[in-house]
Participant: 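One structure, pasted below without further comment.
In what follows, chains carry the letters A, B, and so on, assigned in the order in which the sequence lines appear, proteins first and then strands, with residues in each chain numbered from 1.
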Amino acid sequence: MPELPEVETITRLLRQGSDTAPRLVGLVVRDAQVFWERTLETPSIGEFRRRITGQRIRDIRRRGKFILFELTTDTLLIHLRMSGDLLVEAASSPIQPLHRLALYLDYDLRLAFNDPRKFGRVWLVTDAEIVLGSLGPEPLEPDFTAGELHQRLVSHRRQLKPLLLDQSFLAGLGNIYADEALHLAHLHPQTLSDSLSYPQSERLLQSIRTILQEGIRRNGASIDWVYRGGDFQNYFRVYQRTGEPCPECGTPIHRILVGQRGTHYCPICQDGGR
DNA sequence: CACGAGACCTGTTCGC
DNA sequence: TGCGAACAGGTCTCGT
């Protein structure tokens, strides 16, 4: 499901709480259960349960598409991959068939990792850098500059879209927001990265930031049965709008495969000189 | 180094 | 209505 805006939305909800959800910061993990073994990347189930029990949640943050729970001594990292979601529920409520892992917390609360497709992963480590080490820069960090992006772009000769999806190049973009940002930037998804001028790189960074910020403002996108709460899907420019008019010029949106991913773009606005 | 194919998975929607 | 195919917000590994 989730890309940077959805992960950011979930992270904020868990960290700050809401009218309907309690704030998790400050609570202590009292027990843990794993229902699908492969969900837990490291350590073993036994050590996981032993080690996490008794640790307090000091803070909850996001890095790329990872959710980080900073505990007393360790960091718990969760990646939702395609279909994962985190639910806060009463510890006494029944375990759902699609729950893969659960943490039991103070006040009879349970944090459940729900993940139909079983692609999601969880790590408990002393040093989060072991997991996050290869991630590229955060696109919304103010000190990430257009100059830096341009440098990184021209140091590769790759199609723009797969490069934007590469988390070691830039952290947080996924299939939706890459298509949306490329449309806003008027760049063809198959443009070669080393052909971008500095002004084009600048426009790309600005577009990425605009799209991500709008996604966050709308609490992410809710497309199908996975993840509800956001409404950015009502404002898509091109994603899943094959055949519908381009919001800028009216030309029907095209869908092609780029790097095995469905890719939506306007053949006129994003001609890229092709 | 860059890219495509296949793997990991289940649920929903599409097309005949 | 029914049923198989296609498709899905992600990432890894392997072969060319």
Participant: For Asp166(A) and dA2(B), give me the distance from atom CG to atom P, rounded to whole Å.
Facilitator: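 Rounded to the whole Å, the gap is 9 Å.
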Participant: If you pin Arg157(A) and Gln260(A) to their nearest nucleotides in DNA chain B, which one's is more 5'?
Facilitator: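 Here Arg157(A) is the residue nearer the 5' end.
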Participant: Is the phosphate of dA2(B), meaning OP1 or OP2, less than 4.0 Å from a side-chain N or O of His156(A)?
Facilitator: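 Affirmative; the distance criterion is met.
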Participant: Quick one: is dG9(C) close enough that its OP1 or OP2 comes under 4.0 Å of any side-chain N or O from Arg261(A)?
Facilitator: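 For dG9(C), OP1/OP2 do have a side-chain N/O of Arg261(A) under 4.0 Å.
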Participant: Pair Arg12(A), Glu8(A) - check salt bridge (Lys or Arg N to Asp or Glu O under 4.0 Å), show working.
Facilitator: CA-CA 6 Å; Arg12(A) 286 182 185 178; Glu8(A) 178 67 25; 2.7 Å; yes
Participant: Could you give the CZ-to-C1' distance, from Arg218(A) to dG9(C), as a whole number of Å?
Facilitator: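 Computing the Arg218(A):CZ to dG9(C):C1' distance gives 18 Å.
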Participant: From CZ of Arg38(A) over to C1' of dT11(C), roughly how many Å is that when rounded to an integer?
Facilitator: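 To the nearest whole Å, that distance equals 13 Å.
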Participant: Do Arg203(A) and His186(A) make a side-chain contact, defined as non-hydrogen atoms from C-beta onward lying under 4.5 Å apart?
Facilitator: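 The answer is yes, as the side chains (C-beta and beyond) meet within the 4.5 Å cut-off.
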Participant: Quick check on dT11(C): is either OP1 or OP2 less than 4.0 Å from any side-chain nitrogen or oxygen of His79(A)?
Facilitator: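 Answer yes for this pair, as a side-chain N or O of His79(A) is under 4.0 Å from OP1 or OP2.
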Participant: Paired with dG9(C): which nucleotide, if any, by Watson-Crick or G-U wobble criteria at under 3.5 Å for both distances?
Facilitator: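 Here dG9(C) is not engaged in any pair, so there is no nucleotide opposite it.
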Participant: Using the P atom in both, what is the distance from dG11(B) to dC12(C), to the nearest Å?
Facilitator: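 The answer is 24 Å between these two P atoms.
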Participant: When you measure from the side chain of Gln33(A) to the backbone N and O of Leu103(A), does any donor-acceptor pair fall under 3.5 Å?
Facilitator: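 Not confirmed, Gln33(A) side chain does not pair with Leu103(A) backbone.
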Participant: Going hydrophobic residue to hydrophobic residue with side-chain gaps under 4.5 angstrom, can you get from Phe169(A) over to Phe144(A)?
Facilitator: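 Linked, Phe169(A) and Phe144(A) end up in one cluster.
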Participant: Taking dC3(B) as the reference, what is the distance to dG9(C) when you measure between their C1' atoms (whole Å, please)?
Facilitator: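 To the nearest whole Å, 22 Å.
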Participant: Contact class for Gly259(A) vs. all strands (heavy atom < 4.0 Å): base, sugar-phosphate, or nothing?
Facilitator: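 Contact class for Gly259(A): sugar-phosphate only.
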Participant: In terms of side-chain heavy atoms of Gln159(A), which of dG9(C), dC3(B), dT10(B) is nearest?
Facilitator: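 The answer is dC3(B).
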Participant: Using OP1 and OP2 only, check whether a side-chain N or O of Lys118(A) sits under 4.0 Å from dC8(B).
Facilitator: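 False: Lys118(A) side-chain N/O out of range (4.0 Å or more) of dC8(B) OP1/OP2.
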Participant: Can you tell me how far C1' of dC1(B) sits from CG of Leu163(A), to the nearest Å?
Facilitator: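 From Leu163(A) CG to dC1(B) C1': 12 Å.
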Participant: Grab the CZ-C1' distance between Arg117(A) and dT10(B) for me, whole Å please.
Facilitator: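 To the nearest whole Å, that distance equals 7 Å.
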Participant: Check the orientation of Phe232(A) and Tyr177(A). Use parallel for under 30°, tilted for 30 to 60°, and perpendicular for over 60°.
Facilitator: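 If you compare the ring of Phe232(A) with that of Tyr177(A), the planes turn out parallel.
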Participant: Please check this pair: side chain of Arg157(A) against backbone of Val154(A), looking for a donor-acceptor N/O pair closer than 3.5 Å.
Facilitator: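 No; judged by distance alone, with no hydrogens or angles, the pair does not exist.
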Participant: Among dG11(B), dA8(C), dC9(B), find the nucleotide with the atom closest to the side chain of Arg255(A).
Facilitator: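 Taking heavy atoms from C-beta onward, the closest nucleotide is dA8(C).
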Participant: For atom P, what is the distance between dC9(B) and dG4(C), given to the nearest Å?
Facilitator: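 So the two P atoms sit 23 Å from each other.
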Participant: Hey, does Tyr239(A) reach any base, or is it just sugar-phosphate, or nothing, if we go heavy atoms under 4.0 Å?
Facilitator: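 Sugar-phosphate contact only - Tyr239(A) comes under 4.0 Å of backbone atoms but never of a base.
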Participant: Please determine, for dT16(C), whether a Watson-Crick or G-U wobble partner exists with both distances under 3.5 Å, and give it or none.
Facilitator: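 Partner of dT16(C): dA2(B).
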Participant: Would you say whether Phe119(A) stacks on dT11(C)? The test is a distance between ring centres of less than 5.5 Å and an angle between planes of less than 30°.
Facilitator: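 Check failed, Phe119(A) does not stack on base of dT11(C).
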Participant: Could you tell me whether the phosphate oxygens of dA8(C), OP1 or OP2, come under 4.0 Å of any side-chain nitrogen or oxygen in Arg81(A)?
Facilitator: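 So the side chain of Arg81(A) is outside the cut-off, no N or O lying under 4.0 Å from OP1 or OP2 of dA8(C).
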Participant: Atom CD of Gln167(A) and atom C1' of dT13(C): how far apart are they, to the nearest Å?
Facilitator: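 About 17 Å, once rounded to whole Å.
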Participant: Has Lys65(A) got a side-chain N or O lying under 4.0 Å from the OP1 or OP2 atom of dG9(C)?
Facilitator: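 Checking dG9(C) against Lys65(A), no side-chain N or O comes under 4.0 Å of OP1 or OP2.
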Participant: How close or far is atom C1' of dG9(C) from atom CD1 of Ile223(A), stated in whole angstroms?
Facilitator: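 Taking atom C1' of dG9(C) as the reference, CD1 of Ile223(A) is at 6 Å.
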Participant: Counting only side-chain N and O atoms of Arg158(A), is one of them less than 4.0 Å from OP1 or OP2 of dC3(B)?
Facilitator: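 For Arg158(A), the contact criterion (side-chain N or O under 4.0 Å from OP1 or OP2 of dC3(B)) is met.
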Participant: Distance check needed: dG11(B) C1' versus Gln96(A) CD, whole Å only.
Facilitator: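 Those two atoms, CD and C1', are 16 Å apart.
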